[in-house]
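What follows is one structure encoded as structure tokens, with my remarks underneath.
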Amino acid sequence: MPELPEVEVVRAGLEPAVAGATVTAVNVFDGRSLRRHDGPSEDFVDRMTGARLAAPRRRGKFLWVPIDPPGGSGHEAEALVVHLGMSGQVLLREPDAPRDRLTRISFDIAHPLHPVLRVDFVDQRIFGSMSIDRLVESGDVPGDLVPSQVSHIARDPMDRAFDDAAFFAKLAKRNTGIKRALLDQTLISGIGNIYADEALWAARIHYDQPTATLSRPRAKTLLAEVRLVLGKALAEGGTSFDAQYLNVNGESGYFSHSLNAYGQQGEPCPRCGRLIVREQFMNRGSHFCPFCQRIRTAR
DNA sequence: CCGGACTCCTGGTTGC
DNA sequence: TGCAACCAGGAGTCCG
């Protein structure tokens, strides 16, 4: 599932292609991908056609491209918001390249510095979406704008303005399990099931350890491991990235060959050799080492 | 505030 | 071989 590293790879790859480009045509093949757009498909097409695109931005798993609509000034700031959901991909293609069967939305873009390109939004399961949204003040950093539908999403741990101390304080006040907290995008964003399991394994913390009983040093270790695992994935996603084609979902985008816990049930724990277990938790799988990762009770 | 259930959805895999 | 059931889960909403 696309998590922070995969979305960041898309953002970075998209940037040189779309920043400064103009949308010359929009095709909506499946309106269900506009579920989060406030208006019909025609409205989306009308407002995107002719729009000038700025450099894409990201918070957590949300991606957006600020747009300058053809109308010009007087209009409030807007952005094309992209969420990849479970299976979304953004592909940059030559204008005449064949389309993926599961392409839901497609844009033709013209750029003053390079040839016309096509941007395809491919999404098998349609949990992802595109929408036009207005930009609002993020609230903590003046002048920092985010789409209104992203305003409740916390900053992600790779964000310079992420406040470690505030995160630890909120964590301590929560009355819940640590994995639930890691997956709560309003507390810390960008982490999904894969990297949650990986970071918890690295920090030797059980997924259901109550947040209130997690000592400050262990919480610090966990946040450091979160950043480490996201950073590694980012580096690997970056190396396999081909400037011509952005591929989000493919196995290549994930550093599946370096997973220690996720999907490793039945395999020996790389640290202690005991078998990794998979348990059902929060309607999904939780993978962990039952020896390295035990719930610690406060004494 | 918290957690569980439910919704969106389809391709690939499993099981009979 | 054929087909149906099952599984994957990000995020929002609703309810107890």
Side-chain angles (χ1 to χ4, degrees), chain A residues 1-11 28-38 41 58-64 81-90 99-105 121-131 133 146-157 169-200 207-214 226 230 233 247-251 253-254 256 259 261-266 278-288:
Chain A
M1 330 313 123
E3 303 180 25
L4 187 154
E6 293 76 28
V7 180
E8 175 56 23
V9 167
V10 174
R11 191 209 62 75
V28 177
F29 300 109
D30 196 325
R32 292 176 298 177
S33 290
L34 293 174
R35 192 177 303 114
R36 303 180 70 148
H37 179 72
D38 185 20
S41 292
R58 182 189 58 73
R59 174 179 285 197
K61 306 171 199 172
F62 282 84
L63 179 70
W64 66 93
V81 183
V82 184
H83 196 287
L84 300 174
M86 295 290 299
S87 53
Q89 295 173 276
V90 179
R99 279 200 181 85
D100 187 291
R101 194 166 57 84
L102 300 170
T103 304
R104 311 299 185 185
I105 299 172
F121 180 65
V122 178
D123 188 10
Q124 182 216 121
R125 288 154 82 178
I126 323 187
F127 280 5
S129 66
M130 284 190 159
S131 58
D133 195 8
V146 297
S148 71
Q149 59 182 280
V150 179
S151 62
H152 68 294
I153 301 291
R155 287 185 184 275
D156 63 64
K170 283 184 201 161
L171 202 57
K173 282 186 196 146
R174 287 275 171 124
N175 190 15
T176 189
I178 185 61
K179 182 169 177 181
R180 217 179 275 279
L182 284 182
L183 294 177
D184 182 347
Q185 306 294 306
T186 68
L187 182 65
I188 182 171
S189 68
I191 305 168
N193 203 38
I194 297 176
Y195 298 119
D197 281 0
E198 289 301 305
L200 287 167
Y207 65 81
D208 215 9
Q209 176 81 39
T211 52
T213 66
L214 200 62
V226 163
L230 294 178
N247 246 309
V248 189
N249 195 35
E251 295 304 312
Y254 286 96
S256 45
L259 292 174
Y262 183 84
Q264 305 303 301
Q265 61 271 25
R278 180 183 196 275
E279 283 181 7
Q280 200 70 18
F281 178 70
M282 286 178 76
N283 257 334
R284 68 197 73 191
S286 257
H287 314 75
F288 67 105

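Numbers restart at 1 for each chain; the letters A, B, ... are given by sequence-line order, proteins then strands.
Taking atom CD1 on Ile153(A) and atom P on dG10(C), their separation rounds to 13 Å, with Å as the unit. Rounded to whole angstrom, the span from the CD atom of Gln89(A) across to the P atom of dT10(B) amounts to 16 Å. The interatomic distance linking Met86(A) (CE) with dC8(B) (P) rounds to 16 Å, in whole Å. Regarding Arg36(A), its CZ atom lies at a distance of 7 Å from the C1' atom of dA11(C), rounded to whole Å. To the nearest angstrom, C1' of dG12(C) lies 13 Å from CE of Met282(A). Between Gln149(A) atom CD and dA11(C) atom P the separation is 12 Å, expressed in whole Å. Between Leu183(A) atom CG and dG9(C) atom P the separation is 11 Å, expressed in whole Å.
Taking the nucleotide of DNA chain B with the nearest heavy atom to each of Ile126(A) and Asn283(A), the more 5' of the two is matched to Asn283(A).
Formation of a donor-acceptor pair under 3.5 Å by the Asp133(A) side chain with backbone atoms of Val81(A) is not found in this model.
Leu102(A) comes within 4.0 angstrom of the backbone, heavy atoms only, and of no base. At a threshold of 4.0 angstrom between heavy atoms, the contacts of Gly128(A) with the nucleic acid are absent.
Tested against Asn193(A), the residues Lys179(A), Arg284(A), Glu198(A), Glu3(A) include a single side chain to side chain donor-acceptor pair (under 3.5 Å) partner, Lys179(A).
Taking every side-chain heavy atom of His83(A) into account, dA11(C) is the closest of dA11(C), dG9(C), dG11(B). Ranking dG3(B), dG11(B), dC2(B) by closeness to the Arg174(A) side chain, first place goes to dC2(B).
For dA11(C), the base is not stacked against the aromatic ring of Phe127(A), per a cut-off of 5.5 Å between centres and 30° between planes.
The shortest distance between the side-chain N/O atoms of Tyr262(A) and the OP1/OP2 oxygens of dG9(C) is below 4.0 Å. An OP1 or OP2 oxygen of dT10(B) is reached within less than 4.0 angstrom by a side-chain nitrogen or oxygen of Arg32(A). Proximity of Thr176(A) to the phosphate of dG3(B): a side-chain N or O atom is located under 4.0 Å from OP1 or OP2. Residue Arg284(A) has no polar side-chain atom (N or O) positioned under 4.0 Å from OP1 or OP2 of dA8(C).
The existence of a salt bridge linking Arg58(A) and Asp156(A) is confirmed by a sub-4.0 Å separation between a basic side-chain nitrogen and an acidic carboxylate oxygen.
Nearest approach of Ser151(A) to Val146(A), heavy atoms of both residues: CA-CG2, 3.9 Å. Closest of all the heavy-atom pairs between Ile191(A) and Ala196(A) is CG2-N, 3.6 Å.
Residue-to-nucleotide contacts include no donor-acceptor pair under 3.5 Å from the side chain of Arg125(A) to the base of dG11(B).
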